[in-house]
Trainee: 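Questions regarding the structure given below will be posed in turn.
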Amino acid sequence: ESKTILESLINATRETLLLTDTEGNILVANETVAQRFGKTVGEYIGTNMYDTFPPELAESRKKQYDRVIRTGEPTHFQDERAGRVFDLYAYPFFDDTGQVTRLAIFAMDITERKHAEEALKESEKKYRQVIDNAYEIIIIAQDGFIKFANPRLFELIGSNEDIYSRPFIEFIYPEDRESLIKRHQDRLRGEEAS
């Protein structure tokens, strides 16, 4: 029953889970990792994990895992294989003498997340270009102070003075201040600005 529960736990995750010896020989593997390499769990156990990777990838992963074996400290890193990006964690298992004899390895496929992050960066870059090149002044204020201003503000005030230490209200014409504050407070309350 314990063996069945353990196997169910190992196979419950949709991420790679491996237990290897210090040479990279696979002692325990879940179904996810076996499927990633087109094998059954039975076919995968007993093989050497380094034999399943291209030489450069095998070498870089071996360096990471050897460091865990040498230092006894876990590691976390990312790499890429066959167009997929993986987030990897390796944890040492110690024997009674304190020597590392096994490695527990977890690998998560984060390809979609990486693509989303890259798309977001690209979107932010475009957004920043629009903001920086806008003819209008664009300001973000919080707690009465400017937190961000695009270059147009500095062009119009004619200097690069430290605007971030001055209250935002100083940049509003005195005769417009009262109506601006009222409209802002109305918006905060969800009321239509008058």
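For the single chain, residues carry numbers from 1 onward in sequence order.
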Trainee: Could you check whether atom CZ of Arg84 has more than 12 heavy atoms from other residues, nucleotides or ligands sitting under 6.0 Å from it?
Mentor: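 More than 12 heavy atoms, drawn from other residues, nucleotides or ligands, come within 6.0 Å of this atom.
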Trainee: If you measure from CD on Gln64 to CD1 on Ile69, what distance do you get to the nearest 0.5 Å?
Mentor: 12.0 Å
Trainee: Is it the case that the side chains of Arg67 and Thr75 hold a donor-acceptor pair, with the cut-off being a distance below 3.5 Å and no angle test?
Mentor: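 The criterion, which ignores hydrogens and geometry beyond distance, is satisfied for Arg67 and Thr75.
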Trainee: Counting distance only, does the side-chain N/O of Arg177 pair as donor-acceptor with the main-chain N or O of Ile172 below 3.5 Å?
Mentor: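 Confirmed, Arg177 side chain pairs with Ile172 backbone.
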Trainee: Between Arg152 and Tyr135 (side chain of the first, backbone of the second, donor and acceptor by atom type, cut-off under 3.5 Å), is there such a pair?
Mentor: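 Yes: the side chain of Arg152 pairs with the backbone of Tyr135.
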Trainee: Other residues, nucleotides and ligands only: do more than 12 of their heavy atoms fall within 6.0 Å of CD on Glu170?
Mentor: yes
Trainee: Is the shortest distance from a Lys or Arg side-chain nitrogen in Glu59 or Lys63 to a carboxylate oxygen in the other one below 4.0 Å?
Mentor: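 Looking at Lys63 together with Glu59, the answer is yes, because their closest N to O distance falls below 4.0 Å.
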Trainee: Could you label the plane-to-plane angle of the Tyr44 and Phe37 rings as parallel, tilted or perpendicular, counting under 30° as parallel and over 60° as perpendicular?
Mentor: parallel
Trainee: Under a 4.5 Å cut-off applied to non-hydrogen side-chain atoms, are His76 and Asp87 in contact?
Mentor: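 When only atoms from C-beta onward are counted, Asp87 and His76 do touch, with a gap below 4.5 Å.
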Trainee: Taking the side chain as everything from C-beta on, heavy atoms only, tell me whether Pro74 gets closer than 4.5 Å to Tyr89.
Mentor: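 Side chain of Pro74 against side chain of Tyr89, heavy atoms only: no contact under 4.5 Å found.
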Trainee: Less than 4.5 Å apart, side chain to side chain, heavy atoms only: is that true for Asn48 and Ile26?
Mentor: no
Trainee: Look at the side chain of Asn30 and the backbone N and O of Thr16, then say whether any donor-acceptor pair between them is shorter than 3.5 Å.
Mentor: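 No; judged by distance alone, with no hydrogens or angles, the pair does not exist.
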Trainee: Please check if the side chain of Asp132 supplies one atom and the backbone of Pro151 the other of a donor-acceptor pair under 3.5 Å.
Mentor: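 Absent.
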Trainee: Tell me, do Lys39 and Thr47 make a side-chain contact under 4.5 Å, heavy atoms counted?
Mentor: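 SC-SC contact between Lys39 and Thr47 confirmed.
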Trainee: Which pair of heavy atoms, one from Met49 and one from Leu18, lies closest together, and at what distance?
Mentor: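 For Met49 and Leu18, the tightest heavy-atom pair comes out as SD-CD1, 4.3 Å.
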Trainee: Please confirm whether the backbone N or O of Phe94 pairs with a side-chain atom of Thr101, one donor and one acceptor, at under 3.5 Å?
Mentor: no
Trainee: Kindly indicate whether the side chain of Ile139, heavy atoms from C-beta on, has any atom under 4.5 Å from the side chain of Leu153.
Mentor: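 A side-chain contact exists here, since the closest heavy-atom pair is under 4.5 Å.
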Trainee: I need the Ser60 OG to Phe53 CZ distance, nearest 0.5 Å.
Mentor: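 Output value for this atom pair is 9.0 Å.
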Trainee: Any idea which heavy atoms bring Ala149 and Tyr164 closest together, and the distance?
Mentor: N-OH, 3.7 Å
Trainee: Nearest heavy-atom pair of Val100 and Gly72: which atoms, and what distance?
Mentor: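 In terms of heavy atoms, the two residues are closest at CG2-CA, 3.9 Å.
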Trainee: Under the salt bridge (charged side-chain N to carboxylate O under 4.0 Å, His left out) criterion, do Lys182 and Asp186 qualify, and how do the steps go?
Mentor: CA-CA 6 Å; Lys182 182 177 182 332; Asp186 289 345; 3.1 Å; yes
Trainee: Linking I/L/V/M/F/W/Y whenever their side-chain heavy atoms sit closer than 4.5 Å, directly or via other members, would Phe168 and Ile131 fall into one cluster?
Mentor: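 No, Phe168 and Ile131 fall in different hydrophobic clusters.
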Trainee: To the nearest 0.5 Å, how far apart are CD1 in Ile45 and CG in Leu27?
Mentor: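 These two atoms lie 8.5 Å from each other.
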Trainee: Using atom types as modelled and distance alone, determine if a side-chain donor or acceptor of Asp79 lies under 3.5 Å from a backbone N or O of Leu88.
Mentor: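 Checked: no pair found.
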Trainee: Do Ile105 and Phe77 sit in the same hydrophobic cluster, where Ile, Leu, Val, Met, Phe, Trp and Tyr count as joined when their side-chain heavy atoms come under 4.5 Å apart?
Mentor: yes
Trainee: What's the spacing between Leu19 CG and Asn25 CG if we round to 0.5 Å?
Mentor: 11.5 Å
Trainee: For the CD atom of Gln185 and the CG atom of Leu180, what is their distance to the nearest 0.5 Å?
Mentor: 10.0 Å
Trainee: Looking at side-chain heavy atoms only, is the closest gap between Ile169 and Ile181 below 4.5 Å?
Mentor: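 They are in side-chain contact.
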Trainee: Looking at Asp21 and Arg102, would you say the former's side chain and the latter's main chain have a donor-acceptor pair under 3.5 Å?
Mentor: no
Trainee: Main chain of Asp109, side chain of Glu15: is a donor-acceptor contact present, judged purely on distance under 3.5 Å?
Mentor: yes
Trainee: Would you please say whether a donor-acceptor pair under 3.5 Å links the side chains of Arg61 and Tyr50?
Mentor: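 No.
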Trainee: I want to check something: taking the side chain as every heavy atom from C-beta on, are Glu122 and Glu118 in contact at a cut-off of under 4.5 Å?
Mentor: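 When only atoms from C-beta onward are counted, Glu118 and Glu122 do not touch, as no gap falls below 4.5 Å.
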Trainee: Can you name the nearest heavy-atom pair linking Ala29 to Val41, along with the distance?
Mentor: O-CG1, 3.5 Å
Trainee: Report yes or no: does Ser123 contribute a side-chain atom to a donor-acceptor pair with the main-chain N or O of Ala119 at less than 3.5 Å?
Mentor: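 Here the side-chain-to-backbone pair does not exist.
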Trainee: Counting C-beta onward and ignoring hydrogens, is there a side-chain heavy-atom pair between Arg36 and Phe86 closer than 4.5 Å?
Mentor: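 The answer is yes, as the side chains (C-beta and beyond) meet within the 4.5 Å cut-off.
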Trainee: Linking I/L/V/M/F/W/Y whenever their side-chain heavy atoms sit closer than 4.5 Å, directly or via other members, would Phe145 and Phe148 fall into one cluster?
Mentor: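 No: no chain of side-chain contacts under 4.5 Å links Phe145 to Phe148.
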Trainee: Just how far is it from atom OG1 of Thr20 to atom CZ of Phe93, taken to the nearest 0.5 Å?
Mentor: 10.0 Å
